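Below: the structure, in structure tokens.
The structure displayed is predicted, hence computed values, not measured ones. All heavy atoms count here, side chains included; hydrogens, waters and symmetry mates do not.
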Amino acid sequence: MNILHIDSSILGANSASREVSSAIVARLKKASESATVVYRDLAREPLSHLSAEHLAAAQGATPEAPAVQKDVARSLAALEEFLAADIVVIGAPMYNFTISSQLKAWIDRILVAGKTFRYGPNGPEGLAGGKRVVVALSVEACMAPVRPAAPLGACRNLFARGVFGFIGVKNLEFVLAEGLMIGPDQRQKSMEGALNTAQNLRAA
């Protein structure tokens with residue numbers, strides 16, 4: 001079993017999503033001693049945002065700028081990591097009601113026609129349906145039913161429909177830690193719940 005572990009929080013050791021994603025990976029590794037893990041820290045080693053040069057390279061053009069050549073190679077490496085993974089674990093904090101720009105740049109590298117989806121007579125068809133994806137989603141505010149929950153719902157739909165649903169992934173799970181900035185008690189309660197969920201995830 002190959003596990004791809006992605007972190008995207010800018011908070012380092014203080015990150016809730018990093019703590020939860022690590023707990024998820026630990027649970028999966030414990031369940032399968034033969035599991036291998038590839039780790040990518042998108043905050044420490046960010047991928048650049050897409051440019052016209054990147055799009056041209058995707059169509060077969062050879063980039064002239066050395067910096068773009070290097071980044072195209074890194075883009076291909078990120079795609080190959082994703083394609084090789086059986087399980088993808090993503091630490092995804094919400095910043096200003098959406099995912100981090102670092103994580104968005106990674107998503108742009110894995111949504112590739114002919115690799116993770118293709119266009120057929122009935123429209124787009126996902127090619128990554130055999131993967132399991134677990135998202136550790138951390139939210140500073142509280143999105144309980146008595147509060148506005150639209151941003152959290154939109155973020156979940158971004159993954160479920162806009163990204164992984166598009167490329168065919170049906171085995172998608174969320175481990176949620178919310179209300180982290182409301183106060184110490186709420187943060188502790190939320191983290192305990194998220195870590196408990198992570199530790200009790202099904203093995204495969």
dist Gln102:CD -> Ser48:OG (nearest 0.5 Å) comes out at 12.0 Å
Contacts satisfying salt bridge (charged side-chain N to carboxylate O under 4.0 Å, His left out) that involve residues 84-97 (not counting sequence neighbours) are none
Looking only at heavy atoms, the pair that brings Ala194 and Val175 closest together is O-CG1, 3.3 Å
Q) Shared ILVMFWY cluster between Leu50 and Phe117, side chains joined below 4.5 angstrom? A) no
Applied to residues 12-22, the salt bridge (charged side-chain N to carboxylate O under 4.0 Å, His left out) test, sequence neighbours excluded, yields Asp7-Arg18, Arg18-Asp41
Quick one: does His54's side chain get under 4.5 Å of His49's, heavy atoms only? no
One should read off an interatomic distance between Ile99 CD1 and Ser17 OG, to the nearest 0.5 angstrom, of 12.0 Å
In this structure, NZ of Lys70 is separated from OG of Ser75 (nearest 0.5 Å) by 12.5 Å
key: Asp185/Lys189 ion pair, N-O < 4.0 Å   = no
(request) Check the pair Phe164, Ile107 against side-chain contact (heavy atoms from CB on, under 4.5 Å), reporting the backbone distance first and the verdict last. (result) CA-CA 10 Å; Phe164 296 111; Ile107 288 171; 5.8 Å; no
query = Would you call the rings of Trp106 and Phe82 parallel, tilted or perpendicular if under 30° counts as parallel and over 60° as perpendicular?
reply = perpendicular
CZ (Arg156) and CE (Met94) are apart, to the nearest 0.5 Å, by 10.0 Å
| said: Would Met1 and Thr36 count as a side-chain contact (heavy atoms from CB on, under 4.5 Å) here? Give the steps. | reply: CA-CA 6 Å; Met1 180 173 66; Thr36 60; over 6 Å; no
- Message: Count I, L, V, M, F, W, Y as connected when their side-chain heavy atoms are under 4.5 Å apart, and connections chain through other members. Are Phe159 and Leu127 then in the same cluster?
- Response: no
Taking the side chain from Asn171 and the backbone from Lys131, do they hold a donor-acceptor pair closer than 3.5 Å? no
Taking the side chain as every heavy atom from C-beta outward, state whether Ile3 and Val38 have any pair of such atoms under 4.5 Å apart.
no
Discussion item. Under 4.5 Å between side-chain heavy atoms, counting indirect links through other Ile/Leu/Val/Met/Phe/Trp/Tyr residues: same cluster for Val37 and Ile87 or not?
Written reply: yes
Taking every heavy atom of Ala35 against every heavy atom of Lys29, the minimum-distance pair comes out as CB-CA, 4.5 Å
Residues at least two apart in sequence or cross-chain that pass salt bridge (charged side-chain N to carboxylate O under 4.0 Å, His left out) with Glu173, listed by chain then number, are Arg132, Arg202
Practice prompt. Flag yes if Val25 and Met191 sit in one hydrophobic cluster, no otherwise; membership is Ile, Leu, Val, Met, Phe, Trp, Tyr, and two members link when side-chain heavy atoms are under 4.5 Å apart.
Written response: yes
Gly91 and Pro93 have their tightest heavy-atom pair at O-CD, 3.6 Å
To the nearest 0.5 Å, atom OG of Ser8 lies from atom CG of Leu103 at 4.5 Å
Query raised in the report: Under 4.5 Å between side-chain heavy atoms, hopping through other hydrophobics if needed: is there a path connecting Val72 to Leu111?
Result: no
Closest non-hydrogen atoms of Leu172 and Ala160, given as atom of the first, atom of the second and distance, are CD2-CA, 3.4 Å
Those residues at least two apart in sequence (or on a different chain) that pass salt bridge (charged side-chain N to carboxylate O under 4.0 Å, His left out) with Arg40 are Glu81
Closest heavy-atom pair, Asn200 versus Arg27, reported as atoms and distance to 0.1 Å, is C-NE, 4.4 Å
Answer yes or no: is there a side-chain heavy-atom contact under 4.5 Å between His5 and Ser21? yes
Separation between CD (Glu53) and CD (Gln69), nearest 0.5 Å, reads 11.5 Å
- Query: Is Val133 close to Ile90 at the side-chain level, that is, under 4.5 Å between some pair of heavy atoms?
  - Reply: yes
Note: with side-chain heavy atoms under 4.5 Å as the link, the other cluster members for Leu11 come out as Ile10, Tyr95
Excluding Tyr39, membership of its hydrophobic cluster (Ile, Leu, Val, Met, Phe, Trp, Tyr; side-chain heavy atoms within less than 4.5 Å) reads none
Original post:
Does Val134 reach the side chain of Leu201, with side-chain heavy atoms less than 4.5 Å apart?
Top reply: yes
*asked:* What I'd like to find out is whether the side chain of Leu79 reaches to under 4.5 Å of the side chain of Thr116, using heavy atoms alone.
replied: yes
Closest heavy-atom pair, Leu137 versus Ala92, reported as atoms and distance to 0.1 Å, is CD1-O, 3.1 Å
